[in-house]
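Naming: A, B, ... by sequence-line order, numbering from 1 per chain.
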Amino acid sequence: MEEDDLKYDELNLAEAKAIQNELRERTRIEPLQNEITTIAGADISLNRFSEVIFAGIVMLRYSDMQPIAYSMVESRTSFPYVPGFLAFREVPALVQALEQMSVKPDVIMVDGHGIAHPRRMGIAAHFGALTGMATMGCAKNILFGKWQEPGIQKGEFSPIMTKEEIIGYAFRSKLKTNPVFVSPGNKLSLQNSLDIMQRCSGSYRLPEPTRRAHDFVNLFRTGKLESGYHELNPTLLF
DNA sequence: GCGACAG
DNA sequence: ATCTTGTCGC
């Protein structure tokens with residue numbers, strides 16, 4: 001009855017790679033269709049050495065970056081962290097978190113890469129292919145591709161390149177701090193990912209959706225937030 | 001063959 | 001990712 005959940009734990013890397021190649025056919029890197037009203041940050045949190053994973057999606061109002069809802073899920077993973085295969089460890093829980101949201105965000109910003117990946121299938125692309133949502137990735141470290149240090153001013157950026165194409169950008173989200181790495185995942189373009197990153201940059205290195213998701217999911221992991229879908233500040237809703 | 005390597 | 005105090009720099 002309740003056996004529709006993703007199960008990646010038993011896969012070996014060859015099988016995982018085959019799945020990435022299949023899912024890549026479902027991704028679309030193209031200009032966003034609709035206007036953005038809400039954006040969400042997606043992140044996970046774990047206790048050291050534990051297979052229990054806490055996943056969270058926090059939805060914010062795009063106009064002022066105020067959190068308006070969040071979805072928290074507690075699950076398990078045995079798939080290890082392997083660079084290039086992060087999605088197989090974290091995506092199942094994120095899918096659960098998304099499924100229980102009665103209102104879906106227009107765009108989801110995932111903590112990790114989009115197409116800036118050896119097979120163009122970073123966790124944001126994988127999540128987008130699976131759910132059909134518009135997604136983009138924002139990572140704190142590079143995984144794949146060549147890049148040059150962008151200018152020191154906030155908002156400056158430089159491309160992440162493969163031998164022949166741009167797959168994302170190193171973006172200076174804060175003065176005198178290391179850049180973050182952004183790339184589209186699904187249903188939005190390279191330019192869209194750059195514009196959205198710009199709009200989501202506040203006073204911290206991490207963009208608001210990702211930063212909020214990280215904060216919320218840690219509160220959840222430490223027992224200060226309940227699981228499930230919750231809306232907040234109903235009075236401030238647009 | 002060697003080094004790099006999201007969270 | 002997570003465990004943690006102080007500390008260096010702006």
Same apolar cluster: A:V73 and A:L130, side chain cutoff 4.5 Å: no
Within this structure, what is the NE2-CD1 distance for the pair A:H113 and A:I115, rounded to the nearest 0.5 Å? 11.0 Å
Restricting both atoms to N or O, compile the protein contacts to nucleotides 2-7 of chain C shorter than 3.5 Å, with distance only.
from  : atom 1 : to     : atom 2 : distance (Å)
C:dT2 : OP1    : A:S45  : OG     : 2.9
C:dT2 : OP1    : A:N218 : OD1    : 3.1
C:dT2 : O2     : A:R48  : NE     : 3.2
C:dT2 : O2     : A:R48  : NH1    : 3.3
C:dC3 : O2     : A:R48  : NH1    : 3.2
C:dC3 : O2     : A:R48  : NH2    : 2.9

Of all pairs that satisfy ring-ring contact (aromatic ring centres under 6.0 Å, His included), the ones with a partner from residues 68-94 of chain A, not counting sequence neighbours: A:Y8-A:F88, A:Y70-A:F216, A:Y70-A:H230, A:F79-A:F88, A:F88-A:H126
A:D106: what forms a salt bridge (charged side-chain N to carboxylate O under 4.0 Å, His left out) with it, not counting sequence neighbours? none
Identify whether the distance between the nearest side-chain nitrogen and carboxylate oxygen of A:E165 and A:R120 falls below 4.0 Å. yes
Residue list, side-chain hydrogen bond (donor to acceptor under 3.5 Å, both in side chains) with A:S203, at least two apart or on another chain: none
Residue set satisfying side-chain hydrogen bond (donor to acceptor under 3.5 Å, both in side chains) with A:K140, at least two apart, ordered chain then number -> A:D111
A:T37 and A:E35: side chain to side chain donor-acceptor pair (under 3.5 Å), yes or no, with the steps? CA-CA 6 Å; A:T37 300; A:E35 189 178 313; 5.4 Å; no
Minimum heavy-atom separation for A:P83 to A:L143, with atom names? CB-CD1, 4.3 Å
What protein N or O atoms touch nucleotides 8-10 of chain C N or O atoms at under 3.5 angstrom, if any, and at what distances?
from   : atom 1 : to     : atom 2 : distance (Å)
C:dC10 : O3'    : A:K176 : NZ     : 2.9

Exceeds 12 heavy-atom contacts within 6.0 angstrom, atom NZ of A:K17: no
Using the 3.5 Å cut-off, write out each protein N or O paired with an N or O of nucleotides 1-6 of chain B and the distance between them.
from  : atom 1 : to     : atom 2 : distance (Å)
B:dA6 : OP2    : A:Y81  : OH     : 2.5
B:dA6 : O4'    : A:H113 : ND1    : 3.4
B:dA6 : N7     : A:G84  : N      : 2.9
B:dA6 : N6     : A:G84  : O      : 3.2
B:dA6 : N6     : A:F85  : N      : 3.2
B:dA6 : N6     : A:L86  : N      : 3.1
B:dA6 : N1     : A:I123 : N      : 3.0
B:dA6 : N3     : A:H113 : N      : 3.1

Answer yes or no: are there more than 12 heavy-atom neighbours, outside A:R119 itself, under 6.0 Å from its atom CZ? yes
Can we say A:D64 and A:R61 salt-bridge, meaning some charged N sits less than 4.0 Å from an Asp/Glu carboxylate O? yes
Go through residues 145-159 of chain A and report each residue with a non-hydrogen atom lying under 4.0 Å from DNA chain B, sorted by number. none
Specify the closest pair of heavy atoms between A:I57 and A:A40, including all atoms of both residues, with the distance to one decimal. CG2-CB, 3.7 Å
Which pairs pass side-chain hydrogen bond (donor to acceptor under 3.5 Å, both in side chains) with one or both residues in residues 144-154 of chain A, sequence neighbours excluded? A:E149-A:R172
Got a sec, which pairs hit side-chain hydrogen bond (donor to acceptor under 3.5 Å, both in side chains) with one end in residues 184-194 of chain A, sequence neighbours left out? A:S189-A:N192, A:Q191-A:D195
Consecutive Watson-Crick or G-U pairs in runs of at least 3, all under 3.5 Å, in which DNA chain B is involved: none
Could you spell out the base pairing of DNA chain C in dot-bracket, with Watson-Crick or G-U pairs whose two distances are under 3.5 Å, [ ] crossing and | to another strand? ..........
Is there a chain of hydrophobic side chains (I, L, V, M, F, W, Y, each step under 4.5 Å between heavy atoms) that links A:L219 to A:L206? yes
Check whether the side chains of A:R221 and A:S45 place a donor and an acceptor atom closer than 3.5 Å, and report yes or no. yes
